[in-house]
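What follows is a set of notes on a single structure, which appears directly below.
Because the structure is a prediction, the values reported are computed rather than measured. Every chain is numbered from 1, with letters handed out A, B, ... down the list of sequences.
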Amino acid sequence: MPLYLLSVCYPADAVQPPPDELTRIMAATEQVHAALVAEGRWVFGGGLADVSTSTTVSATADDVVITDGPFIEAKEQIGGFSVIEAADLDEAIEWARRTSAATTTPIEVRPFAHGSAG
Amino acid sequence: MSDASEVERVFRRDYGRAVASVNRLLGDLGLAEEAVQDALATAIETWPVSGVPPSRVGWIITTARNRAIDRMRRESSRHDRHVQAALLHAPDEPVEVGAVRDDQLRLVFTCCHPALAPASQVALTLRLVAGLQTPEIARAFLVAEPTMAQRLVRAKNKIRAAHIPYRVPQDADLPDRLQPVLAVVYLVFNEGYLASSGDALGRVDLADEAIRLGRTLVDLMPDEPEARGLLALMLLTQARRPARMDADGELVRLPDQDRGLWDAELVREGQELVRMCLRRGRPGPYQLQAAIAAVHSDAPTARDTDWSQVLALYDQLHAMTPTSIVALNRCVAMAEVGGPAPALEALDRLDLADYHLFHAVRADLLARLGRTADASAAYAVAARLAPTDAERELLRRRQAELG
């Protein structure tokens, strides 16, 4: 079955929602996660620490450059992701719809390249 | 039939149906297209000798399927599950007309999948459903041929890589998914209808192609009144085309058109479709726009127009799709029913300052209220914003006629 990456996108300058709302978001997101697991669609995923904690490693056979921060300084960041299985793009979009409604952020749906995942 | 492109032009309709059917077997649009092109090349060689077969599309599908199987046997790298499945099918399995229709409808929904950009939806639909060739589509949209080819390749890659399904949406999803399908066809129509005649030489007529697509949709989805409404709208609009330009190639507005030039056959067919829609009693935006066009087509002169009927239909349309454009058209009808003053009041509440027709309608209402200087200024703004030379010219003429 095809694999899809669902990325939680948010603006880089977004501020964290107030605690009440955050609790609601976490609970709703957990519900979608539970549904993915129950239907056997969940592969892997989770929330990511702030982008300021990133390190970029760029290496050749005999040299390595280590940089503090992300590779791309983007206006949008990825706050978390899920790798799911779905029969086709329509099913993946339906899971993305439910996830987006829960996280209150846009969700990017991206297929894995054919045959790249075991 | 001198070359492959000639055959493809003759068999445009067959091309779309054949690709749809072979795609179900192969699960890959690129392979399906290659196979159908192989089959068409064979047709050029054999039909002049053996005669045209009784079922052209059946012959093309069977031949394409056999060609694809031959090709896959030769190229062992293409051994995914679709290939295996295709090889298992008996090559001489008869082609059923009903199955081909289902395949074509699946392909329509794949081409117009909301995960594809509208420009890609249009290009795919014209290529794979209408059977137009890539250079024809490029010329029709005034886009460089490599750009259009690239757009098609990218879209087909996405269909394959993202697993965009090849199926008709379930009933619950159908209203949402039908919307982009109808929008693609109407976009193609407007692109053809609004194009000025001057640069149309050697281009396929997109308005004709859209009507052909519209007929296909009605044929494939006879129970969808909006598909029928769209076809009616296109036919009733197309009927006015002979009157839309005068002998000098200048645009003529609806009230000034010589209605004797309207295509009576298209009017008759469009009105009949509107009546069928009314009997169904499931109105939608395309059906309402078609009904408005039908009211206009009923009036032997502009003065005979039943404007209260037009206004009632715009009220209904605005309740269903409350866009500024619909509100603008409603103002035109309001002016005819209740005079220019209340219409201008309603118009000035709209947020359409960047739209040339807003200023054109405004200018017309101001002129009727005797505010000539304001009208002239509004025409000037409208002309500056107009997207085509023909429209700009018409607006300048209107401005000059104010005196």
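- A donor-acceptor contact shorter than 3.5 Å is absent between the side chain of A:Ser100 and the backbone of A:Arg97.
- Residues B:His113 and A:Asp90 have side chains that bring a donor and an acceptor to within less than 3.5 angstrom of each other.
- Using a 4.5 Å heavy-atom cut-off against chain A, the contacting residues of residues 165-179 of chain B are B:Pro165, B:Arg167, B:Arg177.
- Between the side chain of A:Thr56 and the backbone N or O of A:Gly69, at least one donor-acceptor pair lies under 3.5 Å.
- Note that CZ of B:Arg101 is 10.5 Å distant from OG1 of B:Thr216, once rounded to the nearest 0.5 Å.
- Partner of B:Val129 under the side chain to side chain contact (heavy atoms under 4.5 Å, CB included) criterion, out of B:Glu209, B:Arg212, B:Gln104: B:Gln104 alone.
- At least one side-chain heavy atom of B:Val185 sits under 4.5 Å from a side-chain heavy atom of B:Leu230.
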